[in-house]
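Here's the structure, in structure tokens; my notes come after.
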Amino acid sequence: MPKDPFISIIMPVRNFERTLDKTFEYLMQVDYPRDRMEIVIADGGSSDGTVPLIKITNKDTPLLNS
């Protein structure tokens with residue numbers, strides 16, 4: 001059986017603090033092998049708490065690359 005391809009979920013964000021927790025929750029429910037995926041977050045100059053929230057979440061979620 002062929003191995004699942006490695007995928008990257010690329011998520012551009014800007015001032016996304018209000019909905020980021022729910023988005024992460026949905027992404028963690030994706031039915032795909034965790035060792036075959038990564039989540040790349042590209043912040044576009046947020047002025048709210050988006051970046052600190054990403055940093056906190058990144059400590060707990062090894063799939064994130066920000």
Side-chain angles (χ1 to χ4, degrees):
M1 179 177 203
K3 194 172 194 180
D4 293 317
F6 189 85
I7 64 167
S8 297
I9 299 171
I10 302 170
M11 194 169 87
V13 298
R14 184 165 188 264
N15 295 333
F16 211 55
E17 177 186 24
R18 188 169 41 96
T19 58
L20 205 53
D21 280 339
K22 199 61 154 173
T23 302
F24 288 146
E25 182 181 318
Y26 290 135
L27 288 172
M28 294 299 99
Q29 294 176 12
V30 171
D31 185 23
Y32 202 80
R34 297 283 187 247
D35 64 336
R36 304 300 306 151
M37 65 183 283
E38 69 177 347
I39 302 168
V40 179
I41 301 171
D43 180 67
S46 293
S47 58
D48 63 357
T50 297
V51 174
L53 184 56
I54 291 169
K55 289 178 180 179
I56 290 168
T57 304
N58 195 26
K59 291 178 184 177
D60 300 328
T61 309
L63 295 175
L64 296 180
N65 290 325
S66 54

Apply side chain to side chain contact (heavy atoms under 4.5 Å, CB included) to Pro52 and list each qualifying residue two or more places apart in sequence or on a separate chain.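 Pro52 satisfies side chain to side chain contact (heavy atoms under 4.5 Å, CB included) with no residue once adjacent residues are dropped.
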Between side-chain atoms of residues 6-17 and protein atoms elsewhere (two or more places apart, or another chain), which donor-acceptor pairs fall under 3.5 Å?
from  : atom 1 : to    : atom 2 : distance (Å)
Ser8  : OG     : Glu38 : OE2    : 2.6
Arg14 : NE     : Gly44 : O      : 3.2
Asn15 : OD1    : Ser47 : N      : 2.6
Asn15 : OD1    : Ser47 : OG     : 3.4
Asn15 : OD1    : Asp48 : N      : 3.2
Glu17 : OE1    : Gly49 : N      : 3.1

For residues 18-28, tabulate all N or O donor-acceptor pairs below 3.5 Å that involve a side-chain atom, not counting sequence neighbours.
from  : atom 1 : to    : atom 2 : distance (Å)
Thr23 : OG1    : Thr19 : O      : 3.0

Are Leu53 and Ile41 linked, directly or through other ILVMFWY residues, by side chains that come within less than 4.5 angstrom of each other?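 Yes: a chain of side-chain contacts under 4.5 Å links Leu53 to Ile41.
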